[in-house]
2 protein chains.
Amino acid sequence: MKKKITLKHIARELGVSISTVSKALKNSVEIGADTKEKIQVYAKLHNYKPNNIAVSLKNKRTKNIGVIIPDIVHHFFTTVLRGIENYAITQGYNVIVCLSDESFDKEVINMELLANGSIDGFIMALSAGTQLKGDYNHLKEVTEQGIPLVLFDRVTNEINCDKVVINDREGAYQAVTKFIKDGRTKIAMITTDERFSVSRDRTAGYKQALLDNNMTYDERLILKFPTMEIDEKAIEDFFNTTQVDAVLSVNEIFGIASMRFVQTIGLRIPEDISFIGFTDGILSKYASPGLTAVAQHGELMGEIAAQMLIEKIEIEVEVEEEEIYVTRILEPTLIERGSTRNHKS
Amino acid sequence: MKKKITLKHIARELGVSISTVSKALKNSVEIGADTKEKIQVYAKLHNYKPNNIAVSLKNKRTKNIGVIIPDIVHHFFTTVLRGIENYAITQGYNVIVCLSDESFDKEVINMELLANGSIDGFIMALSAGTQLKGDYNHLKEVTEQGIPLVLFDRVTNEINCDKVVINDREGAYQAVTKFIKDGRTKIAMITTDERFSVSRDRTAGYKQALLDNNMTYDERLILKFPTMEIDEKAIEDFFNTTQVDAVLSVNEIFGIASMRFVQTIGLRIPEDISFIGFTDGILSKYASPGLTAVAQHGELMGEIAAQMLIEKIEIEVEVEEEEIYVTRILEPTLIERGSTRNHKS
DNA sequence: TTGTATGCGTTATCAC
DNA sequence: GTGATAACGCATACAA
């Protein structure tokens with residue numbers, strides 16, 4: 001077991017001082033060519049690498065970014081995480097991942113833990129619990145400490161920080177507009193509690209598109225779940241009692257489950273009923289027929305979030321004045337698959 | 001912007017020494033009740049929390065565990081990661097995630113980066129690149145430095161360390177046995193290069209089951225891809241030219257894609273052809289029909305890996321003697337869905 | 001050109 | 001009971 005070597009070891013072995021070694025390894029011009037050579041050779045030979053922790057303590061920079069997401073077994077978050085990781089690594093940052101598990105308490109605990117020096121900044125999507133509770137003090141504390149924060153996807157206006165979201169409203173609007181163009185007249189929406197920012201915005205877009213096309217907004221065509229948890233029974237009841245010819249779903253699971261069910265009761269997709277789901281994920285792609293989806297560009301979102309965060313981390317905030325925070329809004333894209341087709345043609 | 005408070009601040013404010021503050025906050029009996037009280041109150045009020053980095057430097061323990069996986073947008077790894085995170089958090093550990101992106105080079109870079117003091121131990125699944133290359137020096141170096149390592153799922157015999165895998169061979173054996181019991185006679189297998197440990201073992205189980213049932217092992221019934229990358233065209237060619245009535249797939253993507261294709265050419269599942277896929281994931285569950293799957297119990301695997309790792313981290317390795325490494329083998333479970341059914345009944 | 005001293009925030013040993 | 005001091009590994013301002 002060969003332990004890690006430190007500057008001190010090298011200094012002792014070579015009979016020089018620690019600072020000489022330190023400078024030599026940074027190729028400082030202060031050090032004589034021969035000593036530098038000697039030290040560098042020795043370091044390479046013994047595979048010297050500076051201790052990250054010591055460097056962090058000294059520099060007050062960890063080169064770690066903390067990511068807190070509600071759930072990792074969720075294709076969209078996973079996609080964002082990949083984007084974050086990809087960009088972070090190019091800038092020499094590591095990603096520390098914590099799961100809030102949709103719980104307010106876990107979110108708070110994880111955040112406090114990481115905020116004690118482990119990370120240089122946060123990227124996060126709010127947990128369901130936090131959104132339902134509406135308590136953002138843990139976020140406020142972090143930002144007040146001067147720790148940069150970027151919120152993505154599930155955000156709140158209560159906090160002043162950089163944000164990156166997709167235009168959920170526009171995505172829903174486009175989807176419904178497409179249904180209408182295709183000749184659909186009874187357009188349903190499967191959504192969740194309005195306290196979830198994404199559901200609120202998507203429902204707003206749905207409604208707007210109907211009104212802009214002189215169609216009526218009918219509450220009975222809305223199937224609303226309290227959480228993101230799927231309830232197959234409710235879906236069955238809904239489709240058994242409600243006549244619809246198009247369905248927009250706030251996530252792909254609801255959409256896929258609905259497609260499966262209506263197929264079992266003899267409806268044809270897309271002839272009798274067509275579907276569009278948010279969050280173009282792996283399920284949408286491999287469903288039969290494929291589920292037309294509003295793509296959220298998770299990977300891009302992650303890259304942008306990481307970019308915004310690292311930028312904030314690296315500009316020395318000498319100016320204590322009013323910070324400028326921006327919200328990047330990405331445009332969604334409709335990915336057409338077998339679950340939609342022109343009704344009249 | 002209220003900066004983080006340190007022991008030094010408290011000491012200065014209260015006119016005591018730093019060590020007194022440190023002890024008081026640890027409730028040391030050495031400190032007088034009143035000073036202790038005073039200090040604790042002040043600390044609570046100003047929300048003092050020790051700086052993780054400084055503690056790490058002092059203790060030579062980071063309370064971080066490094067996880068290196070090939071890909072995060074992959075349901076199985078994601079599941080394992082959740083298991084790791086769940087357990088780690090209960091023990092006060094954070095998870096630092098790095099993606100090797102199936103590349104040998106990235107795996108090496110990430111590993112070296114984290115090994116320089118950022119983490120107390122590693123949990124990882126080998127990248128495709130590493131397996132194909134067969135070069136495990138980066139793992140050797142880490143273990144030689146005394147950093148605990150747990151390998152899961154994609155492992156190698158070249159490295160002495162704790163491992164946790166499922167019994168891939170047995171999983172395949174069970175699947176094929178079921179096909180045979182159901183009266184299937186032309187059982188195909190979709191797999192990848194044999195240098196991937198999982199493919200090798202699963203193929204071995206497939207072969208063994210055939211032989212044990214006095215059936216012939218026919219190379220022509222094997223569709224082998226060079227990597228885990230899907231090639232839809234090859235799948236189409238295979239099913240267009242080969243007559244089979246059952247298919248075992250080493251992953252769910254290959255299985256799902258195959259099911260979709262055979263349905264388009266008019267075959268009925270499971271009447272004409274039945275399917276079983278490895279890695280029970282979200283796709284298997286939501287496919288039509290559902291894909292019968294060999295469940296790998298990723299979350300459990302992650303928990304066990306984390307448990308093994310943390311145990312190794314926390315036992316002081318005073319005894320330099322021969323380490324005992326164990327390999328935990330989890331038994332797979334067959335999850336039956338619509339893609340299989342008794343052929344003869 | 002090289003070395004000394006100091007500090008990052010904490011803990012632990014030892015002296016008072 | 002309390003505090004000074006050293007140490008973790010590194011970086012750097014300042015001496016020599």
In terms of ring plane angle, is the pair A:H46 and A:Y42 parallel, tilted or perpendicular, where the classes change at 30° and 60°? parallel
NA contact type, [X], heavy-atom cut-off 4.0 Å: base, sugar-phosphate, or nothing?
X: B:T35; result: sugar-phosphate
X: A:L57; result: base
X: B:K23; result: base
X: A:S22; result: base

[X] side chain N/O closer than 4.0 Å to the phosphate oxygens (OP1, OP2) of [N]?
X: A:T6; N: D:dG9; value: no
X: B:Y48; N: C:dG9; value: no
X: A:K4; N: D:dG9; value: no

Tell me if a side-chain donor or acceptor on B:N110 pairs with a main-chain N or O of B:L99 at a distance below 3.5 Å. yes
Can you tell me the distance, in whole Å, between the [atom1] atom of [X] and the [atom2] atom of [N]?
X: A:E30; N: D:dA11; atom1: CD; atom2: P; result: 14 Å
X: B:I18; N: C:dT13; atom1: CD1; atom2: P; result: 18 Å
X: A:I53; N: D:dA11; atom1: CD1; atom2: P; result: 14 Å

Check every atom of C:dG9, C:dT11, C:dT2 against the side chain of A:T20 and return the nucleotide holding the closest atom. C:dT2
Polar pair under 3.5 Å, donor/acceptor by atom type, side chain A:S19, base C:dT4: yes
Can you find an N or O donor on one side and an acceptor on the other, under 3.5 Å apart, linking the side chain of B:K58 with the base of C:dA12? no
Testing the basics here: between B:L126 and B:P70, what is the closest heavy-atom pair and its distance to 0.1 Å? O-CG, 3.7 Å
Salt bridge or not for A:R328 and A:D162, using N-O below 4.0 Å? no
With the threshold set at 4.0 Å, does a side-chain nitrogen-carboxylate oxygen contact exist between B:D71 and A:R82? yes
Between B:I31 and B:K60, whichever has its closest DNA chain D nucleotide further toward 5' is B:I31
Toward the 5' end of DNA chain D, which comes first, B:V21 or B:N59, by nearest nucleotide? B:V21
